[in-house]
Each structure stands twice: as structure tokens, then as C-alpha cells.
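Heads up: the structure comes next, in C-alpha cells.
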Amino acid sequence: GPLTHYLSEKIYDYRICGLENVPQQGGFIIACNHVTYLDWMFLMAALKPRPVRFLIDENFTNAPIFKTVIGFSEPIPVCVDTVKPRALKE
């Protein structure tokens with residue numbers, strides 16, 4: 001949205017590289033390295049007008065400010081409480 005665009009392009013100094021690797025049509029997956037909690041905002045701004053959806057810890061979806069700040073992007077809630085560290089190693 002306009003707020004995302006403003007914050008990502010006017011307040012933060014960031015650089016976009018690799019956009020030539022993003023397909024113009026169809027789905028794709030981008031793995032973000034989480035430099036900040038605002039990575040979602042930068043990705044949305046960089047990939048506009050393509051719609052971007054995110055996986056998000058379902059615990060965040062219960063936060064009162066959630067719908068205002070990120071709810072418009074229709075994130076996909078994931079239960080991370082059941083992830084077993086051993087499974088990640090395998």
C-alpha cells in the first residue's frame with residue numbers, strides 16, 4: 001500500500017538486486033534472511049505490482065496491531081510451536 005511504499009523508499013536506504021530472477025508471471029518463493037522485522041515491507045515495495053504473501057508465526061496474527069500493520073497483505077499463518085529442532089537438522 002501507499003504507507004509501505006513511503007516507508008520503504010523514503011525513510012530506509014536499501015538496494016534491490018536480483019529482480020531479473022523474479023518471473024513476470026506465476027508463483028515463486030523468496031526466502032528472506034530477516035535483517036529486520038520490516039523485511040516484508042521491503043519485499044512488497046521491491047516486487048510491486050506483483051502481490052506478495054508471507055508465512056507468519058500464527059502467534060503474531062493475534063496481536064491487536066496485526067491487522068492494521070500487515071493484515072492487508074493476507075499473510076499465511078504457520079504454527080511454529082510444533083516444530084521440532086531435530087526435524088530441522090534432518
Side-chain angles (χ1 to χ4, degrees):
L3 179 60
T4 300
H5 176 76
Y6 177 79
L7 289 174
S8 62
E9 291 190 359
K10 306 297 183 203
I11 294 178
Y12 291 95
D13 183 25
Y14 72 101
R15 139 182 92 95
I16 300 169
C17 58
L19 280 179
E20 67 277 4
N21 299 311
V22 177
Q24 294 295 313
Q25 298 178 15
F28 59 93
I29 296 174
I30 293 181
C32 190
N33 64 358
H34 286 293
V35 174
T36 74
Y37 283 109
L38 302 176
D39 295 344
W40 62 273
M41 181 176 65
F42 299 126
L43 283 172
M44 288 185 80
L47 296 172
K48 68 180 187 238
R50 297 286 310 263
V52 177
R53 305 252 339 251
F54 301 94
L55 298 179
I56 187 170
D57 182 337
E58 71 179 352
N59 295 315
F60 288 117
T61 62
N62 296 324
I65 196 166
F66 170 79
K67 290 188 190 302
T68 304
V69 175
I70 195 173
F72 68 89
S73 68
E74 300 178 24
I76 302 164
V78 176
C79 179
V80 297
D81 294 335
T82 58
V83 174
K84 295 181 174 84
R86 181 175 171 216
L88 295 175
K89 291 177 184 177
E90 296 173 1

Tell me if the CD atom of Glu20 is crowded by more than 12 foreign heavy atoms within 6.0 Å.
yes
Pairs under 3.5 angstrom only: tabulate donor-acceptor contacts from the side chains of residues 50-58 to other protein residues two or more places apart or in another chain.
from, atom 1, to, atom 2, distance (Å)
Arg50, NH1, Pro23, O, 2.4
Arg50, NH1, Gln24, O, 3.2
Arg50, NH2, Gly26, O, 2.4
Arg53, NE, Glu74, O, 2.5
Arg53, NH2, Glu74, O, 2.9
Asp57, OD1, Asn59, N, 2.8
Asp57, OD1, Asn59, ND2, 3.0

The side chain to side chain contact (heavy atoms under 4.5 Å, CB included) partners of Leu19 (sequence neighbours excluded) come to Ile16, Val22, Leu47
